[in-house]
Asks: 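Submitted below is the structure of interest, expressed as structure tokens.
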Amino acid sequence: MIEHIELFFKSIFIDNMVFAVFLGMCSYLAVSKKVATAVGLGAAVIFVLAITVPLNWLLDQYLLQPGALVWLGPEFAEYDLGFLSFIMFIATIATMVQLVEIVVEKFSPSLYNSLGIFLPLIAVNCAILGGSLFMQSREIETLGLAINYGISSGIGWFLAILAIAAIREKIRYSNVPAPLRGLGITFIVTGLMGIGFLSFGGMLTGDDEEVKDEQKEVVVETNEVEKEEDNQIKIVN
Amino acid sequence: MGIISKKDTKLIKDPLADNNPITIQVLGICSALAITAELKASLVMGIAVLFVLGIGNVVISLMRNIIPSKIRIIVQLIVVASLVIIVDQVLKAYAYELSKTLSVFVGLIITNCIIMGRFEAFALGNGPWRAFLDGIGNALGYAVILLAVGFFRELLGSGTLFGIPVLGDPIEKTGLYSTGYENNGFMLMPPMALIIVGLIIWVQRSRNTTLIED
């Protein structure tokens with residue numbers, strides 16, 4: 001349970017998809033001019049990540065990892081299909097996005113219209129492929145953790161695009177120098193937000209510190225015992 | 001100027017400044033920011049994108065009349081993914097340390113908007129030679145920005161260029177360090193890359209006022 005909570009907060013604040021690893025920047029910059037569209041795109045990203053990361057985890061676990069094909073038969077134990085990861089991941093992502101598009105068009109035509117071209121563009125959003133690739137490189141252990149990682153990375157991206165959209169709406173009324181207007185100031189503001197998010201880096205180290213303290217106490221006790229013995233030896237002498 | 005006509009040299013020169021893929025077209029930002037803490041990584045990433053975009057553009061251009069419009073995104077993705085797999089395997093074989101630094105960003109070249117963007121905007125409508133030049137031009141424009149950001153980040157952040165110390169030795173306090181100068185470790189953190197690109201955009205738009213947005 002603890003590792004779920006830890007992964008959840010770590011993916012939203014410390015390894016934030018936008019501020020720590022810069023994934024999904026293109027659509028982040030393009031869609032963040034209004035809060036309403038930003039919310040729609042953010043929700044779509046959370047949804048697609050929540051579906052594709054666990055699916056790709058299953059693919060990775062049973063097909064792509066070294067030795068994953070053991071379930072087919074013991075002679076397959078040495079096969080390593082890792083090099084096919086890119087094609088398989090992008091194939092599942094493209095398929096799932098197509099499915100999501102069909103479902104959204106059927107059940108919520110207004111959302112479909114407001115998202116416009118951005119829904120199919122999510123397929124090539126680096127945040128989606130990046131989520132699956134980071135899941136693979138960080139060796140997430142269980143399906144539950146994979147679902148957790150997908151949802152929390154999506155929430156992190158959603159937070160980032162919501163914040164920048166709100167700031168961009170307000171900054172149009174400020175005296176930004178002409179060459180910086182629009183794109184330039186967005187980059188700088190995003191950088192400043194990234195610096196702010198760095199402050200979350202100390203959030204999850206509480207447990208580690210307690211363990212270190214216990215070890216220190218043990219060391220101190222043995223030293224004192226040794227010193228007493230030394231004193232006794234001196235008196236005898 | 002013998003083999004390349006004047007119109008074609010424009011294909012290479014434009015993306016270097018006026019139509020730069022990162023700062024003007026706003027494509028390919030993700031990988032531009034994340035790996036530029038070292039100049040070596042920036043250079044390798046630039047070369048990788050050059051390879052993928054150059055060859056990809058040619059392949060798509062050669063196939064442009066036979067790809068059905070409904071599945072063209074999937075065909076593009078397959079072409080790019082295959083080329084990136086080649087790049088990734090070559091990197092893992094010949095430069096393992098560097099492939100660890102670049103980690104997932106080599107894979108993310110697949111979703112690099114510059115590549116899909118150029119496929120859609122140019123390769124699907126032009127012949128192979130021009131598509132090749134366009135690919136080279138855009139990849140060079142991308143590499144120029146990557147090298148610029150990497151230059152400042154590595155110089156100010158670790159005092160080295162390509163791993164070679166240029167400001168003196170920080171531990172023995174020779175060169176510039178003897179005056180009390182310290183490395184700005186903050187430059188190696190991700191947010192500074194965003195701010196440096198913002199400043200580059202500022203410089204670019206001041207020199208070319210037609211690019212200013214309202």
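In what follows, every chain begins at residue 1, and chains take the letters A, B, ... in the order their sequences are listed. We use all heavy atoms of the structure for the numbers below, so side chains are in, but hydrogens, waters and symmetry mates are not.
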Asks: Can you tell me how far apart CE (A/Met193) and CG (B/Leu194) are? Round to the nearest 0.5 Å.
Replies: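 A/Met193 atom CE to B/Leu194 atom CG measures 9.5 Å (nearest 0.5 Å).
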Asks: I need the residue from B/Ile74, B/Asp88, B/Ile195 with the largest number of non-hydrogen atom pairs under 4.5 Å to chain A.
Replies: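 Counting heavy-atom pairs under 4.5 Å, the top option is B/Ile195.
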Asks: Side chain from CB out, backbone as N, CA, C, O: work out which of these in A/Leu198 comes under 4.5 Å of a heavy atom of chain B, or both, or neither.
Replies: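 For A/Leu198, the contact with chain B is made by the side chain alone.
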Asks: Which heavy atom of A/Leu129 sits nearest to which heavy atom of B/Gly107, and what is that distance?
Replies: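 The answer is CD2-O, 3.9 Å.
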Asks: When rounded to the nearest 0.5 angstrom, what is the spacing between CZ in A/Phe86 and CG in B/Leu83?
Replies: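 Output value for this atom pair is 12.5 Å.
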Asks: Taking atom CZ of A/Phe187 and atom CD1 of B/Ile201, what is their separation to the nearest 0.5 Å?
Replies: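 So the CZ of A/Phe187 and the CD1 of B/Ile201 are separated by 4.5 Å.
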Asks: Can you tell me how far the CE atom of B/Met189 sits from the CD1 atom of A/Ile195, to the nearest 0.5 Å?
Replies: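 These two atoms lie 10.0 Å from each other.
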Asks: Quick check: closest heavy atoms across B/Arg205 and A/Arg181, and the distance to 0.1 Å?
Replies: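 Looks like NH1-O, 3.5 Å.
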Asks: Is it the backbone or the side chain of B/Ile110 that comes under 4.5 Å from a heavy atom of chain A, or both, or neither?
Replies: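 For B/Ile110, the side chain is the part near chain A, not the backbone.
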Asks: Around B/Phe51, counting heavy atoms of other residues, nucleotides and ligands shown, do more than 12 lie under 6.0 Å from its CZ?
Replies: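 Atom CZ in B/Phe51 is crowded, with more than 12 foreign heavy atoms closer than 6.0 Å.
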Asks: Which atoms of A/Phe134 are under 4.5 Å from chain B, going by heavy atoms: the side chain, the backbone, both sets, or neither?
Replies: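 Both backbone and side chain.
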Asks: Between B/Leu77, B/Val203, B/Ile78, B/Ile196, which has the largest tally of heavy atom pairs under 4.5 Å with chain A?
Replies: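 Option with the greatest count: B/Leu77.
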Asks: If you take all heavy atoms of A/Gly194 and B/Pro191, which pair is closest and at what distance?
Replies: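 Reported closest heavy-atom pair: C-CG, 3.5 Å.
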Asks: Can you confirm whether B/Trp202 sits close enough to A/Leu183 that some side-chain heavy atom of one is under 4.5 Å from a side-chain heavy atom of the other?
Replies: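 No, too far: nothing below the 4.5 Å cut-off.
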Asks: Do A/Val21 and B/Pro190 have side-chain heavy atoms sitting under 4.5 Å apart?
Replies: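 No, every pair of side-chain atoms sits at 4.5 Å or beyond.
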Asks: Do you know which of B/Ser206, B/Ala193, B/Ser82 has the most heavy-atom pairs under 4.5 Å to chain A?
Replies: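 Counting heavy-atom pairs under 4.5 Å, the top option is B/Ser206.
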Asks: Tell me, for A/Thr190 versus chain B, whether the close heavy atoms (under 4.5 Å) come from the side chain, the backbone, both or neither.
Replies: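 Both parts, heavy atoms under 4.5 Å.
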Asks: Give, as side chain, backbone, both or neither, the part of A/Leu133 having an atom under 4.5 angstrom from any heavy atom of chain B.
Replies: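 For A/Leu133, the contact with chain B is made by backbone and side chain together.
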Asks: Looking at A/Arg172, I want to see if its CZ is surrounded by more than 12 non-hydrogen atoms of other residues, nucleotides or ligands under 6.0 Å.
Replies: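 Counting neighbours around CZ of A/Arg172, 12 or fewer heavy atoms of other residues, nucleotides or ligands fall under 6.0 Å, so no.
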Asks: If you draw a 6.0 Å radius around CD in B/Gln89, do more than 12 non-hydrogen atoms from other residues or ligands fall strictly inside?
Replies: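 Count over threshold, so yes.
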